[in-house]
Number of protein chains: 2
Amino acid sequence: MSFELPLDQIFRGDCIEMMQMLPSGSVDCVFADPPYNLQLRGELRRPDESVVDGVDDAWDKFADFATYDTFTRAWLGEARRLMHKDATIWVIGSYHNVFRLGAIMQDLGFWILNDIVWRKSNPMPNFRGRRFTNAHETLIWAARGPESKYRFNYQAMKALNDDLQMRSDWYLPLCTGNERLRNTHGLKLHPTQKPESLLHRVLIASTHVEDIVLDPFCGTGTTTAMAKRLGRRYIGIERHPDYVEAALGRTQREVRLPPDQLAITPARREAPRVPFGSFVERGELPAGTTLWDRSRRVKAVVTPDGSLVSGQQRGSIHKMGALLTGAASCNGWTFWHMERDGALVPIDVLRTTETALRSAG
Amino acid sequence: MSFELPLDQIFRGDCIEMMQMLPSGSVDCVFADPPYNLQLRGELRRPDESVVDGVDDAWDKFADFATYDTFTRAWLGEARRLMHKDATIWVIGSYHNVFRLGAIMQDLGFWILNDIVWRKSNPMPNFRGRRFTNAHETLIWAARGPESKYRFNYQAMKALNDDLQMRSDWYLPLCTGNERLRNTHGLKLHPTQKPESLLHRVLIASTHVEDIVLDPFCGTGTTTAMAKRLGRRYIGIERHPDYVEAALGRTQREVRLPPDQLAITPARREAPRVPFGSFVERGELPAGTTLWDRSRRVKAVVTPDGSLVSGQQRGSIHKMGALLTGAASCNGWTFWHMERDGALVPIDVLRTTETALRSAG
DNA sequence: GTTGCGTGTGAATCACGAA
DNA sequence: TTTCGTGATTCACACGCAA
């Protein structure tokens with residue numbers, strides 16, 4: 001049996017069983033924080049459903065890895081089925097499990113886009129002085145397959161980083177203080193609650209408003225709460241009733257940001273396409289006008305159909321830019337300039353004016 | 001057949017076959033930079049139309065993941081046989097291959113101690129704006145097994161990091177400039193030459209003077225050269241004759257530091273923003289350099305872990321400044337000077353560069 | 001000598017929609 | 001499924017030459 005896709009809900013149950021009931025190709029993004037260690041939470045079972053007990057001689061270590069791998073293949077396989085062709089997935093782990101996660105993801109056909117390092121500003125020190133301070137965790141960001149046309153909000157990430165490309169190493173604090181959920185005894189409710197800043201960056205980078213986000217290991221609901229705040233739709237799955245209760249209350253209390261605060265720096269490739277010829281038609285750049293490159297080394301003349309002519313050659317603004325410079329390709333909008341008050345101005349200013357008019361009207 | 005262990009040599013040949021001829025349990029540390037199995041699909045151009053010189057060498061091409069895994073299991077298995085019970089291994093990779101490396105290492109019985117992130121100060125940007133800038137690579141540090149009594153020079157690492165525990169994220173520049181080996185046409189000799197600062201930290205962290213270090217993918221000899229400089233014994237294996245020739249010459253020219261400059265030591269120091277040790281690692285203020293006070297009344301010598309030595313005394317730049325002047329305390333950054341073009345310049349100038357400032361964040 | 005500008009380059013899985 | 005046209009896209013350094 002299979003449900004219609006339920007939105008903005010958090011379910012209690014085994015994530016593999018729950019995912020099996022959801023329809024294929026229905027989610028835009030998955031965020032998963034799977035158990036890091038078999039012995040910790042008793043969530044792991046062998047394929048025959050017997051529970052793994054924690055013995056640590058060499059033979060059993062191998063059995064543990066095999067069991068962990070089986071479990072990992074099962075939930076990643078279901079998650080992949082639920083993802084539509086262009087969806088992406090984030091999986092977080094530490095050196096205990098992340099290598100198995102990554103290898104299995106590759107085996108299942110996921111196409112890794114980046115591995116992201118979450119550098120903790122306040123990690124726990126190494127008390128025994130026998131290793132380097134374990135100051136980071138790793139996120140694997142992957143598309144469903146190599147041909148996916150996945151979403152990456154490049155300009156938004158650049159804006160988040162002082163107008164420099166966002167790198168693969170992120171420096172963020174642990175979840176502490178008021179953000180950390182606690183029980184009535186003041187003890188932390190969940191051992192590995194993720195910081196909201198981490199989910200903020202993940203969701204802003206790889207999803208759009210109204211996109212559907214699935215978290216199969218929902219825990220205390222950082223993903224669902226942040227999805228709601230940022231105007232994304234969410235589906236959470238969590239096995240432990242206490243965590244489900246906390247996640248439900250927390251997400252319920254969360255308030256969706258108003259639309260004007262949800263807008264991110266738009267991607268230029270998604271701006272409405274305006275034909276160069278339309279400016280010729282309207283007389284804003286009449287046929288006969290001469291265009292130049294930035295340093296006046298090459299020039300061309302605008303024709304009535306919006307193509308350019310230079311000598312015997314004729315073509316679009318892009319084709320002519322490439323042709324005259326010998327480049328493989330060329331963005332004609334930024335290459336060609338027109339004279340305005342004696343100075344050269346890129347013809348792209350025509351387009352930005354147009355865009356402004358459209359959004360205003 | 002099997003050789004006695006040959007020391008301080010670089011061999012040309014297939015690393016699996018060569019390792020098979022060496023005796024079991026004979027090396028203290030392995031550093032391995034295996035092929036990454038990048039899967040580049042076409043030409044990549046910068047926004048200025050220049051072409052990126054990608055890694056297209058035959059040695060990096062594998063038919064599929066299964067082929068790569070078979071190769072990886074084979075060389076890691078031989079490396080493990082050569083390691084004695086308490087030896088450790090370093091393996092470096094990127095998201096293309098590191099998950100497979102780590103999972104296979106765990107399957108073979110290695111015990112992962114840390115995953116280390118080499119954060120590059122100057123990575124190549126993402127030119128098409130379709131992903132996060134791939135700004136790091138990952139090193140896996142592992143013992144031969146869970147019971148290994150491995151070497152970790154905790155105090156030396158702490159000293160190198162201005163008396164703060166060394167973290168799992170390391171900020172180091174790429175190998176560029178004079179350090180990068182070039183052929184007679186000025187082209188890079190090896191597409192992926194590793195920086196000396198990386199090997200410096202690896203060797204200081206996990207080996208002792210006279211320890212035997214094996215590099216099965218020796219390339220142009222960064223490992224062997226740094227092992228010689230730091231007084232370690234080395235065995236290099238490399239398949240490509242051009243790389244072997246370069247590694248031999250480079251390692252030949254390298255000079256072993258004198259004994260008093262090789263000693264590493266515990267130190268208790270303050271923590272300014274930029275660790276003094278980072279300049280030592282990067283070779284901007286190499287071990288062996290003599291520092292003076294402003295009026296050349298006292299002097300001291302820089303050691304590989306970033307502490308100073310003068311006579312029988314050893315300590316941080318701050319402690320040694322205080323000690324040698326009889327003061328209660330001292331700001332080593334302004335007290336100590338280095339010679340530059342015959343004049344004395346405070347070492348604090350090292351910190352004023354953009355690079356230095358960034359290493360803190 | 002110093003400063004500043006132009007150029008080159010690094011382990012890279014680097015477009016996408018319409019017809 | 002394939003072809004084709006449009007047009008989006010770079011950061012930190014090192015080095016050489018000019019002012």
Side-chain angles (χ1 to χ4, degrees), chain A residues 86 106 110-115 142-143 145-150 152 154-155 158 161-168 267-271 273-277 306-307 315-322 327-336 347-348 351, chain B residues 33-57 59-61 92-98 118 120-138 173-180 182 186-188 190-195 219 341 353-355 358:
Chain A
D86 298 333
Q106 290 179 314
F110 287 105
W111 189 247
I112 298 180
L113 300 169
N114 281 109
D115 59 332
E147 306 305 328
S148 298
K149 299 188 195 313
Y150 58 89
F152 176 53
Y154 173 76
Q155 294 294 349
K158 199 170 169 177
N161 194 40
D162 281 347
D163 261 0
L164 292 179
Q165 288 190 339
M166 185 70 80
R167 297 170 37 123
S168 56
R268 284 202 262 276
R269 13 178 93 77
E270 288 168 23
R273 184 169 291 201
V274 186
F276 176 69
S307 57
S316 70
I317 52 173
H318 313 294
K319 199 172 149 190
M320 289 300 285
S329 67
C330 174
N331 181 345
W333 289 106
T334 50
F335 177 79
W336 293 107
I347 58 174
D348 207 23
R351 213 165 42 150
Chain B
D33 182 12
Y36 284 11
N37 190 24
L38 300 183
Q39 291 153 58
L40 308 181
R41 291 197 277 195
E43 184 183 73
L44 177 65
R45 286 169 182 265
R46 298 182 164 84
D48 67 3
E49 291 288 331
S50 65
V51 177
V52 173
D53 181 19
V55 178
D56 59 354
D57 306 70
W59 50 253
D60 197 52
K61 295 197 192 320
I92 184 167
S94 68
Y95 67 84
H96 310 82
N97 69 327
V98 77
W118 168 28
K120 303 177 183 182
S121 59
N122 49 347
M124 181 152 63
N126 186 292
F127 296 117
R128 309 306 295 262
R130 295 299 297 141
R131 303 180 178 198
F132 298 94
T133 305
N134 192 9
H136 74 276
E137 294 187 26
T138 302
L174 294 171
C175 178
T176 59
N178 282 335
E179 189 184 319
R180 189 91 196 205
R182 297 180 188 281
L187 300 174
K188 60 188 175 192
H190 191 286
T192 69
Q193 186 181 338
K194 294 292 174 287
D341 306 314
T353 65
E354 168 84 11
T355 314
R358 287 232 160 201

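Naming: A, B, ... by sequence-line order, numbering from 1 per chain.
A residue-by-residue look at Phe127(B) and Val55(B) shows that Val55(B) has its nearest nucleotide of DNA chain C further toward the 5' end. Along DNA chain C, the nucleotide nearest Gly129(B) and the nucleotide nearest Lys194(B) are compared for position; the residue whose nucleotide lies closer to the 5' end is Lys194(B). The residue among Ala328(A) and Gly177(B) whose nearest nucleotide of DNA chain D is located toward the 5' end is Ala328(A).
Residue-level contact check: Arg41(B) touches the backbone only, with heavy atoms under 4.0 Å from sugar-phosphate atoms and none from bases. At a threshold of 4.0 angstrom between heavy atoms, the contacts of Asn126(B) include nucleobase atoms, whether or not backbone atoms are also involved. Using a 4.0 Å heavy-atom criterion, one finds that Pro34(B) contacts the bases of the nucleic acid, with or without backbone contacts as well. Nucleic acid contact for Arg130(B): sugar-phosphate only, since backbone atoms but no base atoms lie under 4.0 Å from a heavy atom of the residue. Nucleic acid contact for Asn161(A): none, since no nucleic acid atom lies under 4.0 Å from a heavy atom of the residue. Residue contacts for Gly93(B): at a heavy-atom cut-off of 4.0 Å it reaches no nucleic acid atom on any strand shown. Residue Lys158(A) is classed as a sugar-phosphate contact, given heavy-atom separations below 4.0 Å to backbone atoms only. In this structure, Pro146(A) reaches neither bases nor backbone, as no heavy-atom distance under 4.0 Å exists between it and the strands shown. Within the 4.0 angstrom heavy-atom criterion, no nucleotide atom of any strand lies near Gln193(B).
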Please enumerate all protein N or O atoms sitting under 3.5 Å from an N or O of nucleotides 5-9 of chain C, with distances to 0.1 Å.
none

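With hydrogens and angles left out, the side chain of Asn97(B) and the base of dA11(C) share no donor-acceptor pair within 3.5 Å. For dA8(D), its base sits under 3.5 Å from the side chain of Ser329(A) at one donor and acceptor pair at least.
Here Ser316(A) reaches the OP1 or OP2 of dT6(D): one of its side-chain N or O atoms lies under 4.0 Å away. The side chain of Arg351(A) places an N or O atom within less than 4.0 Å of a non-bridging phosphate oxygen (OP1 or OP2) of dA8(D). Between Tyr150(A) and dC16(C) there is no side-chain N or O to OP1 or OP2 distance below 4.0 Å. Between Asn178(B) and dC15(D) there is a side-chain N or O to OP1 or OP2 distance below 4.0 Å.
Counting only heavy atoms from C-beta on, Gln165(A) has its side chain closest to dT10(D) among dT10(D), dC14(C), dA11(C). Closest to the Leu44(B) side chain, of the nucleotides dA12(C), dC13(D), dC16(C), is dA12(C). Side-chain atoms of Arg269(A) lie closest to dA8(D) of the nucleotides dA8(D), dG10(C), dA11(C). Looking at the side chain of Met124(B), the nearest of the listed nucleotides dC13(D), dG10(C), dC16(C) is dG10(C).
Distance check on atom P: dT9(D) versus dA11(C) gives 25 Å, rounded to whole Å. Rounded to whole Å, the C1' atom of dG8(C) lies 13 Å from the corresponding atom of dT10(D).
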Would His136(B) and Arg167(A) count as a side-chain contact (heavy atoms from CB on, under 4.5 Å) here? Give the steps. CA-CA 9 Å; His136(B) 74 276; Arg167(A) 297 170 37 123; over 6 Å; no

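The separation between Ile347(A) atom CD1 and dT6(D) atom P is 12 Å, rounded to whole Å. Atom OH of Tyr154(A) and atom P of dC14(C) are 16 Å apart (whole Å). In this structure, Trp333(A) atom CH2 and dG5(D) atom C1' are separated by 14 Å, rounded to whole Å.
With 3.5 Å as the limit, one finds a donor-acceptor pair spanning the side chains of Ser94(B) and His96(B).
Remark: the backbone N or O of Ala135(B) is paired with a side-chain donor or acceptor of Ser168(A) at under 3.5 angstrom.
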Watson-Crick or G-U pairs under 3.5 Å in DNA chain D, rendered as dot-bracket with [ ] for crossing pairs and | for another strand: .|||||....|||||||||

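Residue pairs meeting the salt bridge (Lys or Arg N to Asp or Glu O under 4.0 Å) criterion with at least one member in residues 121-132 of chain B: none, sequence neighbours excluded.
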